[in-house]
Amino acid sequence: MEENSLGTLQQRAAELECMAEVLLTGEQLRLRLHEEKIIKDRRHHLKTYPNCFVAKELIDWLIDHKEASDRETAIKLVQKLLDRSIIHHVCDEHKEFKDLKLFYRFRKDDGTFPLDNEVKAFMRGQRIYEKLMNTENVILQAREEEGAKYERTFMASQLIDWLIQEGEAATRAEAEQLGRRLLEHGIIQHVSNKHHFVDSNLLYQFRMNFRRRRRLMELLTEKSRLVPESHDSPFCLRKQNHDHKKHASFLSGICWIRAGG
């Protein structure tokens with residue numbers, strides 16, 4: 001890949017990865033709030049509003065569960081979700097999240113979440129990730145490329161075989177195009193960021209660990225300090241030294257977690 005086009009692709013992928021992090025954080029929060037009955041059907045003026053939460057109650061919950069240090073911080077955090085159209089006021093009368101007895105709802109709970117091309121690519125990538133995680137296969141392995149050994153890699157040609165086998169694509173050309181789309185949307189990458197996705201023996205990895213539990217506070221970290229994920233993370237991107245004694249991280253920001261996560 002030419003240096004200029006590679007740099008543009010990496011920048012775009014990083015932007016989409018940030019979007020994906022907000023989506024994952026919001027979805028993990030939504031599931032927790034359902035489990036703890038913060039989200040439920042509520043009545044106001046003889047009308048029932050399904051699957052909603054009260055703003056003040058959510059702020060109390062975030063502080064109690066150490067997801068926010070104070071009410072002002074909690075408001076800023078939830079506003080991030082509102083700005084990304086992950087939540088909204090049940091009547092769409094408030095564009096700002098307020099510390100009041102107002103009803104808000106996750107758009108995923110009422111079917112109004114906007115499914116643009118970026119979100120669709122993210123959801124497709126997450127499904128493929130989960131299928132790979134839940135399937136006994138030999139696709140993900142430590143392999144060498146250009147004298148360096150990388151963990152949890154997949155060979156492009158083998159992934160294409162698997163995508164066809166799993167019904168994710170009908171032909172090799174379609175599977176290759178899917179791989180290119182996943183790379184362009186910041187879901188996978190070439191191990192040393194030198195190539196786009198092509199049907200070959202080149203090695204690729206997932207950029208992010210979809211299963212890592214996100215902290216809501218991460219949404220306020222514009223320029224995050226990054227620390228490596230644990231070595232046990234199934235898709236953590238690591239470059240191995242040949243002596244196998246030290247593991248040097250590469251490509252700052254990829255498949256890493258923010259400080260405090």
Side-chain angles (χ1 to χ4, degrees), residues 17-44 48-114 119 122-123 126 129-130 133 207-236 253 255-261:
E17 186 178 11
C18 289
M19 178 207 72
E21 286 292 339
V22 178
L23 295 179
L24 282 169
T25 302
E27 178 60 9
Q28 290 180 3
L29 177 63
R30 185 184 74 88
L31 295 174
R32 291 176 67 192
L33 296 179
H34 270 289
E35 289 176 1
E36 302 209 13
K37 309 301 182 185
I38 301 298
I39 294 177
K40 59 185 179 182
D41 296 351
R42 299 175 186 271
R43 289 182 63 82
H44 181 67
T48 299
Y49 296 87
N51 291 321
C52 62
F53 59 87
V54 178
K56 287 184 71 70
E57 291 183 11
L58 177 59
I59 291 174
D60 292 340
W61 186 91
L62 291 174
I63 294 173
D64 290 344
H65 288 76
K66 303 187 186 307
E67 291 287 352
S69 56
D70 51 57
R71 304 191 79 79
E72 181 180 355
T73 301
I75 291 171
K76 291 179 180 178
L77 289 168
V78 183
Q79 183 66 42
K80 292 283 187 179
L81 301 180
L82 196 149
D83 291 342
R84 287 283 188 174
S85 293
I86 294 173
I87 66 170
H88 67 123
H89 179 254
V90 291
C91 299
D92 291 319
E93 294 177 352
H94 300 277
K95 299 302 181 184
E96 295 182 353
F97 187 76
K98 301 179 180 180
D99 189 0
L100 299 171
K101 292 183 178 180
L102 296 173
F103 292 172
Y104 291 83
R105 183 186 293 125
F106 281 81
R107 289 189 178 276
K108 190 167 182 180
D109 283 331
D110 61 15
T112 62
F113 188 77
V119 172
F122 162 75
M123 294 174 67
Q126 185 178 24
Y129 176 100
E130 292 295 343
M133 287 290 292
R207 285 179 67 112
M208 60 195 304
N209 180 353
F210 286 86
R211 292 184 171 184
R212 178 179 69 81
R213 178 177 171 180
R214 272 73 180 170
R215 297 298 303 272
L216 207 59
M217 284 296 296
E218 295 177 33
L219 299 183
L220 294 183
T221 311
E222 298 296 335
K223 293 183 179 179
S224 55
R225 289 167 52 225
L226 300 166
V227 295
E229 281 198 353
S230 71
H231 180 67
D232 295 329
S233 175
F235 284 86
C236 187
C255 196
W256 287 17
I257 62 173
R258 295 174 174 84

Rounded at 0.5 Å granularity, tell me how far NZ in Lys80 sits from CG in Leu216.
11.0 Å
Applying side chain to side chain contact (heavy atoms under 4.5 Å, CB included) to Arg105 and not counting sequence neighbours gives Tyr49, Pro50, Cys52, His88, Val90, Asp109, Asp110
As an exercise, state the distance from CD1 of Ile63 to CG of Leu58, rounded to the nearest 0.5 Å.
10.0 Å
Would you call Glu27 and Arg30 a salt bridge, taking side-chain N to carboxylate O under 4.0 Å as the test?
yes
Pairwise side-chain contact, Lys101 with His44, heavy-atom cut-off 4.5 Å (strictly under)
no
Taking all non-hydrogen atoms of both residues into account, name the closest pair between Pro114 and Arg107 and its distance.
CD-CD, 4.2 Å
To the nearest 0.5 Å, how far apart are CG in Asp83 and NZ in Lys76?
13.0 Å
Apply the test side-chain contact (heavy atoms from CB on, under 4.5 Å) to residues Val54 and Arg42: give CA-CA distance (whole Å), side-chain angles for both, the deciding distance (0.1 Å), then the verdict.
CA-CA 9 Å; Val54 178; Arg42 299 175 186 271; 3.5 Å; yes
Salt bridge or not for Arg212 and Glu218, using N-O below 4.0 Å?
yes
Give the intermediate values and the outcome of side-chain contact (heavy atoms from CB on, under 4.5 Å) for residues Val78 and Ile59.
CA-CA 9 Å; Val78 183; Ile59 291 174; 5.6 Å; no
Listed by chain and number, what are the salt bridge (Lys or Arg N to Asp or Glu O under 4.0 Å) partners of Arg71, not counting sequence neighbours?
Asp60, Asp99
Heavy atoms, side chains only, cut-off 4.5 Å: are Ser69 and Met217 in contact?
no
Mind checking whether His94 and His89 have parallel, tilted or perpendicular rings, split at 30° and 60°?
perpendicular
Any sub-3.5 Å donor-acceptor pair from Arg215's side-chain atoms to Lys66's backbone N or O?
yes
Gap separating the CG atom of Leu23 from the CZ atom of Arg214, nearest 0.5 angstrom
10.5 Å
Enumerate the residue pairs fulfilling ring-ring contact (aromatic ring centres under 6.0 Å, His included) with a member in residues 64-87, sequence neighbours excluded, ordered by first and then second residue.
Trp61-His65
Does any part of the side chain of Phe53, heavy atoms only, come nearer than 4.5 Å to the side chain of Ile87, both counted from C-beta?
yes
Could you check whether any side-chain heavy atom of Arg211 comes within less than 4.5 Å of a side-chain heavy atom of Tyr129, counting everything from C-beta outward?
yes
Could you tell me whether the side chain of Phe106 reaches within less than 4.5 Å of the side chain of Leu29, counting heavy atoms only?
yes
Closest heavy-atom contact between Leu81 and Gly26?
CD2-CA, 4.0 Å
For atom CD of Glu72, decide whether the heavy atoms of other residues, nucleotides or ligands shown that lie under 6.0 angstrom number more than 12.
no
Nearest heavy-atom contact between Ile75 and Phe97 is CG2-O, 3.4 Å
CZ of Phe103 to CG of Asn51: how many Å apart, nearest 0.5 Å?
12.5 Å
If you measure from CG on Leu62 to CG on Leu33, what distance do you get to the nearest 0.5 Å?
7.5 Å
